[in-house]
Amino acid sequence: MPNIKSAKKRVLIAQERNARNKANKSAMKTAVKKFEAAAAEGKRTEAEGAYKVAVKVVDQAVAKGILHKNNAAHKKSAMTLKLNKIG
C-alpha cells in the first residue's frame, strides 16, 4: 500500500479507470458477438443493424484508447467481409 497521499489518490484513480475500461471493452465484445451471432444465422437485416452498432462501438473504443486503430480496422474489415457473404 502506498504511504504518500498523492500515491493513494493515484491508486484510486487507476482502479476507477480500470473498471471503466473493462466495462467499455466488455460492451464492445458484446456488440461484436451479437453481430457474429446474427451473421452466423444468416439473418441479413439483423446482421446489418448489429453491424452498424458494432462498428460504432469499435470506433468509440479507439477514441477512448481501449483498442489500437489497426486492431479496430482489422475487426471492422472482418465484420464487413462476413456481412457481404450473407446472401
Side-chain angles (χ1 to χ4, degrees):
M1 280 300 293
N3 294 324
I4 299 168
K5 189 173 183 179
S6 62
K8 290 178 185 177
K9 288 180 184 178
R10 295 307 306 168
V11 168
L12 293 175
I13 290 169
Q15 288 174 343
E16 288 173 12
R17 287 183 177 172
N18 186 17
R20 190 179 307 130
N21 287 339
K22 197 171 191 179
N24 288 332
K25 196 167 192 176
S26 176
M28 181 194 65
K29 287 180 180 180
T30 301
V32 171
K33 284 181 183 178
K34 283 183 181 179
F35 167 75
E36 298 285 344
E41 291 177 14
K43 297 180 180 176
R44 178 78 180 182
T45 54
E46 251 184 62
E48 284 177 351
Y51 171 79
K52 286 182 181 178
V53 172
V55 167
K56 184 175 181 181
V57 172
V58 168
D59 285 337
Q60 287 173 342
V62 172
K64 292 175 183 175
I66 296 167
L67 273 186
H68 190 273
K69 64 179 183 176
N70 291 351
N71 189 316
H74 182 256
K75 286 183 187 300
K76 291 192 296 186
S77 176
M79 286 191 291
T80 304
L81 289 173
K82 284 184 182 178
L83 182 65
N84 290 338
K85 278 189 178 179
I86 300 172

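Nothing here was measured: the structure is a model prediction, and the numbers come from that model.
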Next on the checklist: One pair to check against side-chain contact (heavy atoms from CB on, under 4.5 Å): Leu83 and Arg44. What are the steps and the verdict?
Outcome noted: CA-CA 8 Å; Leu83 182 65; Arg44 178 78 180 182; 4.2 Å; yes
Spatial distance of atom [atom1] ([X]) from atom [atom2] ([Y]) [nearest 0.5 Å]:
X	Y	atom1	atom2	value
Lys75	Met28	NZ	CE	5.0 Å
Met79	Lys76	CE	NZ	8.0 Å
Gln60	Ile66	CD	CD1	9.5 Å
Leu12	Arg10	CG	CZ	10.5 Å
Ile86	Glu41	CD1	CD	10.0 Å

Item to check | Evaluation steps, side-chain contact (heavy atoms from CB on, under 4.5 Å), between Lys34 and Val53 | outcome: CA-CA 9 Å; Lys34 283 183 181 179; Val53 172; over 6 Å; no
Next on the checklist: Taking Lys52 first and then Glu48, would you say they form a salt bridge - that is, a charged N and a carboxylate O separated by under 4.0 Å?
Outcome noted: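 Glu48 and Lys52: not salt-bridged.
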Item to check | Heavy-atom closest pair, residues Ala54 and Ala31 | outcome: CB-O, 3.9 Å
Checklist entry - Would you say the side-chain atoms of Ser77 pair up with the backbone N or O of Ala73, donor to acceptor, closer than 3.5 Å? => result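 No, the answer is negative, given that no donor and acceptor are paired below the 3.5 Å cut-off.
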Checklist entry - With side chains defined as the heavy atoms from C-beta onward, is the minimum distance between Met1 and Val11 less than 4.5 Å? => result no
Checklist entry - Do Thr80 and Tyr51 come close enough that some side-chain heavy atom pair is under 4.5 Å? => result yes
